[in-house]
There are 2 protein chains.
Amino acid sequence: MNECSVAPRMGRQPLTTRAALSHVALRLFLERGFERTTVDDIASAAGIGRRTLFRYFPSKNDLPWGDFDAELVRMRSFLAATDTTVSLVDALAQAVVEFNRFPPEEAPFHRERMNLLLNVPALVAHSALRYAEWRLVVSNFAAGRLRVAVDAIEPTVIGWVFLGASLAAYEQWLRTDDSNLIELLESALLLLKEGFAPGELATGGPGGRA
Amino acid sequence: MNECSVAPRMGRQPLTTRAALSHVALRLFLERGFERTTVDDIASAAGIGRRTLFRYFPSKNDLPWGDFDAELVRMRSFLAATDTTVSLVDALAQAVVEFNRFPPEEAPFHRERMNLLLNVPALVAHSALRYAEWRLVVSNFAAGRLRVAVDAIEPTVIGWVFLGASLAAYEQWLRTDDSNLIELLESALLLLKEGFAPGELATGGPGGRA
DNA sequence: AGACTAGTGGCACTCAGTGCCGAAAGTACA
DNA sequence: TGTACTTTCGGCACTGAGTGCCACTAGTCT
């Protein structure tokens, strides 16, 4: 029988990796802009055929995302490992923060990636599909905690609300150079806990509460 | 001087309207599916050239939306006309409900349109751009009420949160045949007001509050 | 009639994405 | 060393969305 340990796999070895291609693409997108970079450009810059690139990534829009599925798996298992004494919102808030933690040397890359994802229209659109997967992770956890169906209205709203808070924090993060993403996330998530109770948001305009 | 009243405009009269094209496209999408309907199909079904269709709508993805910009203008002016004694969340909740009110005979069309927009991947993606415009209307109003910048974190989160509640209600509406969209919207919006305070959502799992 | 204006649509082009299929590069076993 | 098998690679041709260009059509104005 065959050994499936490190090198000795069956067929031909892959020429590159998803991560490598993602980096090459990201560099080109920053140099020339997303729309003015063709898939051919990326493929030849990476030294592979165009047809091969489409086996690593299903679309040009997926290139900036890298291996997002793996990140989702991480988040799902983090949530699964959360102690059940932690409240639902706290559990999700911790998971969101954990999901967006990365080594400081990665910051410039991550910043540029998110800059593209939140500003290039084609990517903003495509990201909706990724966000939907992310929301599903959140909704699934919430549904389990609330003991209701995943497609009930509460878990769905919770998914949206946490997504919105995360992206609001990201937009804020990108707007200023020296801001701390984690702190911004925490403050956005805090808004969710405090916001929609009888605080300032629920009061009327000038004189509404006076 | 020229008369700009009803018929006597300057050049050639348009052959059709955005609304008419949107209806033709919607019918074909339901018959054959979105992906299996080409722009040529729609153009010839509408009796115009393919090139002309792209002057009415910038992309195939925009066809189901019809004249969304006009709807946004409606929502913006509804918000502007809201009495300042009404609280921010109530004002937005009323506007959201008003935005989604339509004559009952339109229900089947609207249902099918939303079915496409929320289920066809290409449309789910593209809709993110439309939702962004919608959120901007909400955020702008919230920023004015809270006396902060539009790109501050609070108005952004509020935009997301109301979008999420609306779409959660829509998903629920589509799931069952005889449901009432307005009621679902109201219950989703109620979640926002009650949800993230020390209610059930903030408590721990089994035994967290007992 | 002639000038002007706005909508139409054919043509050719770019680019993303896909199906097909043979070639390349590796392993397993004789 | 050779043959079988397995997996990746990538060229080619095709579909379909979206765009620039330009001539044409159908109106109005003087």
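Note that the structure is a prediction, hence the values are computed from the model and not measured.
- When heavy atoms are screened at a 4.0 angstrom cut-off, A/Y56 is found touching the sugar-phosphate backbone but no base atom.
- The distance from atom CD of B/E35 to atom P of D/dT15 is 17 Å, rounded to the nearest whole Å.
- Side-chain contact of A/H110 with A/Y170: a donor-acceptor pair under 3.5 Å is present, judged by distance alone.
- A donor-acceptor contact under 3.5 Å links the side chain of B/R51 to the base of D/dG20.
- Looking at B/R55, its side chain comes within 3.5 Å of the base of C/dG9 through a donor and an acceptor atom.
- If you check distances only, the side chain of B/R12 never reaches the base of C/dT8 with a donor-acceptor pair under 3.5 Å.
- B/L53 places its CG atom 15 Å from the C1' atom of C/dG10, with the value rounded to the nearest Å.
- Of the listed nucleotides (D/dT6, C/dT18, D/dA17), D/dA17 has the atom at the smallest distance from the side chain of B/R50.
- Rounded to whole Å, the distance from CZ on B/F57 to P on D/dT19 is 15 Å.
- Atom CG of A/D83 has more than 12 neighbouring heavy atoms from other residues, nucleotides or ligands inside a 6.0 Å radius.
- Residues A/S166 and A/W134 are in side-chain contact: their nearest non-hydrogen atoms beyond the backbone lie under 4.5 Å apart.
- Whole-Å rounding puts the B/Q13 CD to C/dA6 C1' distance at 9 Å.
- At a threshold of 4.0 angstrom between heavy atoms, the contacts of A/T37 are confined to the sugar-phosphate backbone, with no base atom among them.
- Salt bridge absent: A/D41 and A/R36 never bring a charged side-chain N and a carboxylate O closer than 4.0 Å.
- The interatomic distance linking A/R36 (CZ) with D/dG18 (P) rounds to 21 Å, in whole Å.
- Contacts of A/T38 with the nucleic acid, taken as non-hydrogen atoms under 4.0 Å apart, involve only primed sugar atoms and P, OP1 or OP2.
- Between B/D62 atom CG and D/dT19 atom P there is a gap of 11 Å when expressed in whole angstrom units.
- Considering only heavy atoms from C-beta on, A/F162 comes within 4.5 Å of A/L189 through its side chain.
- In this entry the distance linking CZ of B/F54 with C1' of C/dG7 reads 17 Å, nearest Å.
- Take the nearest nucleotide of DNA chain D for B/S59 and for A/G11: the residue whose nucleotide is more 5' is A/G11.
- One can place CG of A/L63 at 13 Å from C1' of C/dG17, the figure rounded to the nearest angstrom.
- Out of C/dT8, C/dA6, D/dT8, the shortest distance to the side chain of B/M10 is found at C/dA6.
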